[in-house]
Amino acid sequence: MIHNLEERLRSHFGPFTEELKRCQGKHHPGQVPLKDAPDAVSSSVCGFCSTGCSLKIHLRNGNAVNLTPETNYPVNLGMACPKGWESLTPLAASDRATTPLYRKTRNENPAPLDWNEAAEVFCDRMKQVQKEHGPESVAFLGTGQICTEELALLGAFAKFEMGVIHGDGNTRQCMATAVSAYKESFGFDAPPYTYDDFEQSDVIVLIGSNLCVAHPIMWQRILLNPNNPELIVFDPRTTETAMQATQHVPLQPKSDLTLFYGIARELIRKGYIDKDYIDIHTTGFEDFSRHVDPFDLETVSNTSGIPIAELERIVETIGQGKRVSFWWTMGVNQGHEATRTAQAIINLALMTGNIGRPGTGANSITGQCNAMGSRLFSNTSSLFGGRDFSSSTDRKEIAEIVGIDEERIQKRTGMAYDQIIDGIESGAIKALWVVATNGAHSWFNQSRFRKLLDKLDFLVVQDMYCSTETAVEADLILPAAGWGEKEGTFINSERRIGKVNKVSTAPGSALADFNIIRLLGSAWGAGEWFEKWSSPEAVFQIMKKMSRATPCDFSGIKDYHHIEDSGGIQWPCPEEAKDNIQVERRLFEDGKFYTKDQRAKFVFDNVQPVPERPDSEYPFILLTGRGSSGQWHTQTRTGKSGILRKLNPTENYIEIHPGDAADLGLDHHGMVNVASRRGSCTVKCLITPNVAPGQVFMPMHFTETNRLTNGIVDPHSRQPSYKHCAVQISASGL
Ligand SMILES: Nc1nc2c(c(=O)[nH]1)N[C@H]1C(S)=C(S)[C@@H](COP(=O)(O)OP(=O)(O)OC[C@H]3O[C@@H](n4cnc5c(=O)[nH]c(N)nc54)[C@H](O)[C@@H]3O)O[C@H]1N2
Ligand SMILES: Nc1nc2c(c(=O)[nH]1)N[C@H]1C(S)=C(S)[C@@H](COP(=O)(O)OP(=O)(O)OC[C@H]3O[C@@H](n4cnc5c(=O)[nH]c(N)nc54)[C@H](O)[C@@H]3O)O[C@H]1N2
Ligand code: SF4
Ligand SMILES: [Mo]
């Protein structure tokens, strides 16, 4: 460490050095000492998907040596998928970021720094950018993959202290549609279900969800259903999940809205609606019913490609079902009219009275381990606790809890992810701080994205690995501890708050995201309020206050022990529930929603044409999504496990129908060129009838896929439509 730098830091940044010692010292919370008994166990909620399985970690001499799924946790009941079983392995990878790295100019190689220097660089350069271009020229991108306490600290520091207004996260790529849909229809972003509903339904409808691959343990819960349920799967592909369906509906991509309006019309015509429920608990049904009237079976069949007889069978199954649950994921959320499509699903549940009872619901399944925490507490698209930046009452409440002047809270929501990226192009955004997301792989139209990163004055990437596609573009890399190396909480798909524990030591000088933000905050000279955000558990207590009297109230959770002792706790859990925690809870059992009149709203719209239709030059529709249960997103973690690499494809591929392959003269396992209007790549050809003629599928786990995808976003949620663009294909001769 440069001696006089520390002196300088002490005088400039006051408590910085003390904070550094605290963060690196072994007694800092979040850097808690490992259990030091020779053999011990600790539990932690899994850090991959939103199912939120609990894993029992086996420790030897204080270090994690193995894990097994928890048998008595209400989510996974002793089960885990391959990623969960392998979640310790990626921690030991050789490309872990172990020290801060910095390059002053883009032509230099990044050189190691100590944390003092890194924090000074961060503060100096961010302040410089803000001085030259205004406070709004700095933006941040967060994630659904770090603890809620860390997200809250990031959102509070960036917005209330740095004065940043534009902050978003990878949840925009994932859950923004469900958020917009629920907010408008129910008055709050509130997935209503509990996993027990998978077991209670007699009809389960999965829409744009490949549950077997993407949420294998939720799928196991369906297998535990004793009612021999009808399983209707709406997916253009014959996925692993569709193969298990009693009715697979291979609809034309992005014809969902037309199809659901048609089903609604038939349910009304056949009298399969719950009039009492509609009258007492909803508004807008009459208008909705008029709106869907033109969607007759013939029109719907022509648009969706589903024969009329099959449409009639779907209507009968839903209409006669006693406990029908509707579940949707990315096939819906990622589309040009995604919010309205999600609301069309909500409408089906409302009109048939399938909500608030066991085995029912309009249920958006979340994606990442803490997508729900990010939705409610990242302080990005909504103010803490699902509040509204534009409401002075909300701002006042939060200002009081945080202990800051109300004026420090911005009066408007900042730009969404796509607008931040456009902002780099227009010159409005000059510095970007990226935490736990790998946009240089996962964002659409990659060549444009990477070109724009180059345009930034200052790019900071905070990640577990220094090798990610985004980290290699960074000016400053901040090395982060990963899941298993820190503590905090996640909120899973069924609103269950679960505990994450430290079971392993982060390599080198990598620190928990919580501690990195603490360091940056104290180097920045953050005000007195920041002192109170001293540890994950302290922040948890602050978030409890923020949640009080909101729909996501969890002020009845006493502390971290309470969560662990209860097998996780679902929100809402208000103060009065604290001594009587129920294992499973669903929302809306009383038929009261969070809107002003406590009624759910029927929301609907005109169907919009798909933006980039196939044509003679680009004749195929490209679908993208999850490839296998052992691959996670951009594979920075799952790619590091030898076991998972053996289970998963190791190179990119495109699935194409045998008829199309024959027309193009393609060989199974031969190489093909795939091109869209934005980019091209060469990948392996897999010939399979599981994709329909005219459609092809590529997994998102390899970097080439998003060279092809298109920058269309839903106008309400601004979530990208990753699942529809036009491509051309030819044999590559390789
Ligand atoms: N193994 C694994 N599991 C994961 C993840 C992972 O990376 N790997 N990621 C997690 C995350 S963050 C998320 S968001 C979830 C995603 O979970 P899912 O949404 O289930 O996964 P996807 O494969 O993206 O998309 C689901 C299906 O949508 C279909 N689809 C495409 N277009 C349409 C359409 O127009 N209409 C309909 N109805 N369907 C369509 C696709 O064919 C695909 O099978 O998975 C989570 N779980
Ligand atoms: N074509 C196509 N593209 C898609 C999708 C699709 O279906 N098709 N799906 C979209 C969806 S739903 C999603 S959610 C996104 C996901 O996109 P990303 O968020 O970009 O994907 P990940 O690979 O999960 O990136 C997480 C990053 O955080 C790092 N990390 C993990 N844990 C920690 C931690 O504790 N601290 C820190 N600081 N870093 C950590 C990892 O190393 C990794 O670099 O992709 C989207 N992109
Ligand atoms: S299903 Fe999801 S939460 Fe459960 S072990 Fe697998 S990745 Fe982890
Ligand atoms: Mo996601």
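Because only heavy atoms are used, hydrogens play no part in the values below, and waters and symmetry mates are left out as well, while side chains stay in. Each ligand, and each atom within it, is numbered from 1 in the order the structure gives. Just so you know, residue 1 is the first one in the sequence shown, and it goes up from there.
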Counting heavy atoms under 4.0 Å, the part of Thr239 that contacts ligand 1 is side chain
For ligand 1, find out whether one of its N or O atoms is nearer than 3.5 Å to an N or O atom of Lys723.
yes
Note: ligand 1 atoms sitting under 4.0 Å from heavy atoms of Gln631 are 1 (N), 2 (C), 6 (C), 7 (O), 8 (N)
Going by the 4.0 angstrom heavy-atom rule, the piece of His724 near ligand 1 is neither
Checking heavy atoms under 4.0 Å, the part of Cys81 that sits near ligand 1 is neither
If I take every N, O or S atom of Cys46, is at least one of them less than 2.8 Å from atom 8 (Fe) of ligand 3?
yes
Taking only non-hydrogen atoms of Cys174 and a 4.0 Å limit, the atoms of ligand 1 in range are 12 (S), 14 (S)
* Are Ser721 and Asp714 side-chain neighbours, meaning at least one heavy-atom pair lies under 4.5 Å? -> no
inquiry  = Do Asn438 and Thr634 pair up side chain to side chain, a donor and an acceptor below 3.5 Å, judged on atom types alone?
reply    = yes
- N/O to N/O below 3.5 Å, does that happen between Thr437 and ligand 2? yes
the protein heavy atom lying closest to atom 25 (O) of ligand 2 turns out to be Asn438 N, 3.7 Å
Practice problem: Could you check if a side-chain atom of Arg496 sits within less than 4.5 angstrom of a side-chain atom of Pro74, using non-hydrogen atoms only? | Solution: yes
Within 4.0 Å of some non-hydrogen atom of Gly52, the atoms of ligand 3 are 3 (S)
closest protein heavy atom to atom 44 (O) of ligand 2 is Asp463 OD2, 2.6 Å
For Gly84, the atoms of ligand 3 under 4.0 Å from one of its heavy atoms are 5 (S)
So the atoms of ligand 2 within less than 4.0 Å of a heavy atom of Ser442 turn out to be 3 (N), 4 (C), 17 (O), 18 (P), 20 (O), 45 (O), 46 (C), 47 (N)
In this structure, atom 30 (N) of ligand 2 is nearest to the protein heavy atom Met464 SD, 4.0 Å
For this session: Give yes or no for whether the N/O distance cutoff of 3.5 Å, strictly under, is met between Lys254 and ligand 1.
Result: yes
Salt bridge flag under 4.0 Å for residues Lys254 and Glu337
no
* How about Trp327 and Val205: do any of their side-chain heavy atoms sit closer than 4.5 Å? -> no
Under a 3.5 Å threshold, yes or no: a donor from one side chain and an acceptor from the other, between Thr489 and Glu149?
yes
Trp443 and Asn706: side chain donor to acceptor below 3.5 Å: no
Per-atom filter on ligand 1: closer than 4.0 angstrom to a heavy atom of Arg237 are 41 (C), 42 (O), 43 (C), 44 (O)
message: Any side-chain to backbone donor/acceptor pair from Thr366 onto Ser50? Under 3.5 Å, distance only.
response: no
In ligand 1, the atoms that come under 4.0 Å of a heavy atom of Asp235 are 27 (C), 28 (O), 29 (C), 41 (C), 42 (O), 43 (C), 44 (O)
Going by distance only, is there an N or O of Arg637 that falls short of 3.5 Å from an N or O of ligand 2?
no
the protein heavy atom lying closest to atom 23 (O) of ligand 2 turns out to be Thr634 OG1, 2.6 Å
for atom 1 (S) of ligand 3, nearest protein heavy atom and its distance come out as Ile217 CG1, 3.5 Å
Residue, atom and distance of the protein heavy atom nearest atom 21 (O) of ligand 1 read Arg626 CD, 3.5 Å
- Query: Counting both backbone and side chain atoms, is some N or O of Thr709 under 3.5 Å from an N or O of ligand 2?
  - Reply: no
Below 4.0 Å from ligand 2: does a non-hydrogen atom of Ala481 turn up there or not? yes
Assess whether ring pair (Phe, Tyr, Trp, His ring centres under 6.0 Å) is satisfied between Phe444 and Phe449, documenting all intermediate values. CA-CA 8 Å; Phe444 56 74; Phe449 186 89; 8.4 Å; no
Q.
Using a 6.0 Å distance limit plus a 45 degree cone around the ring axis, check whether Lys56 lies over the aromatic ring of Tyr73.
A. no
among protein heavy atoms, the one nearest atom 35 (O) of ligand 2 is Lys486 NZ, 2.8 Å
of all protein heavy atoms, closest to atom 19 (O) of ligand 1 is Met330 N, 2.8 Å
* State whether a side-chain donor-acceptor pair under 3.5 Å links Thr68 with His58. => yes
Does the Lys NZ or Arg CZ of Arg718 fall within the cation-pi geometry relative to Tyr417 - under 6.0 Å from the ring centre and within 45° of the axis? no
Ligand 1 to Phe234, heavy atom cutoff 4.0 Å, flagged ligand atoms 37 (C), 38 (N), 39 (N)
Per-atom filter on ligand 1: closer than 4.0 angstrom to a heavy atom of Gly208 are 19 (O), 26 (C), 27 (C), 28 (O), 37 (C), 38 (N), 39 (N)
- Task: Check whether any side-chain N or O of Thr470 sits under 3.5 Å from a backbone N or O of Gly439 as a donor-acceptor pair, and report yes or no.
- Result: yes
If the cut-off is 2.8 Å, does any N/O/S atom of Cys53 fall short of it from atom 4 (Fe) of ligand 3? yes
A student checking ligand 1 against Gln368 at a 4.0 Å heavy-atom cut-off should list atoms 12 (S)
Going by distance only, is there an N or O of Ser629 that falls short of 3.5 Å from an N or O of ligand 1?
yes
In ligand 3, the atoms that come under 4.0 Å of a heavy atom of Lys83 are 7 (S)
Heavy atoms of Arg613 and Val610 approach each other most closely as CG-O, 3.6 Å
Check this for me - ligand 2, Gln334, N or O atoms closer than 3.5 angstrom, yes or no?
yes
Check your understanding: Are any of the N/O atoms in Asp513 less than 3.5 Å from those in ligand 2?
Key -> yes
- Task: Please say whether His633 places an N or O atom under 3.5 Å from an N or O atom belonging to ligand 2.
- Result: yes
of all protein heavy atoms, closest to atom 11 (C) of ligand 1 is Gly367 CA, 3.3 Å
Subject >> Ala436, any N or O under 3.5 Å of ligand 2 N or O >> reply: yes
Cut-off 3.5 Å, side chains only: do Asn170 and Gln368 have a donor facing an acceptor?
yes
One finds that the ligand 3 atoms under 4.0 Å from a non-hydrogen atom of Phe48 are 7 (S)
Within 4.0 Å of some non-hydrogen atom of Cys49, the atoms of ligand 3 are 1 (S), 2 (Fe), 3 (S), 7 (S)
In this structure, atom 6 (Fe) of ligand 3 is nearest to the protein heavy atom Cys81 SG, 2.3 Å
Under 4.0 Å from one or more heavy atoms of Trp632, ligand 1 contributes atoms 4 (C), 5 (C), 6 (C), 7 (O), 8 (N), 9 (N), 10 (C), 47 (N)
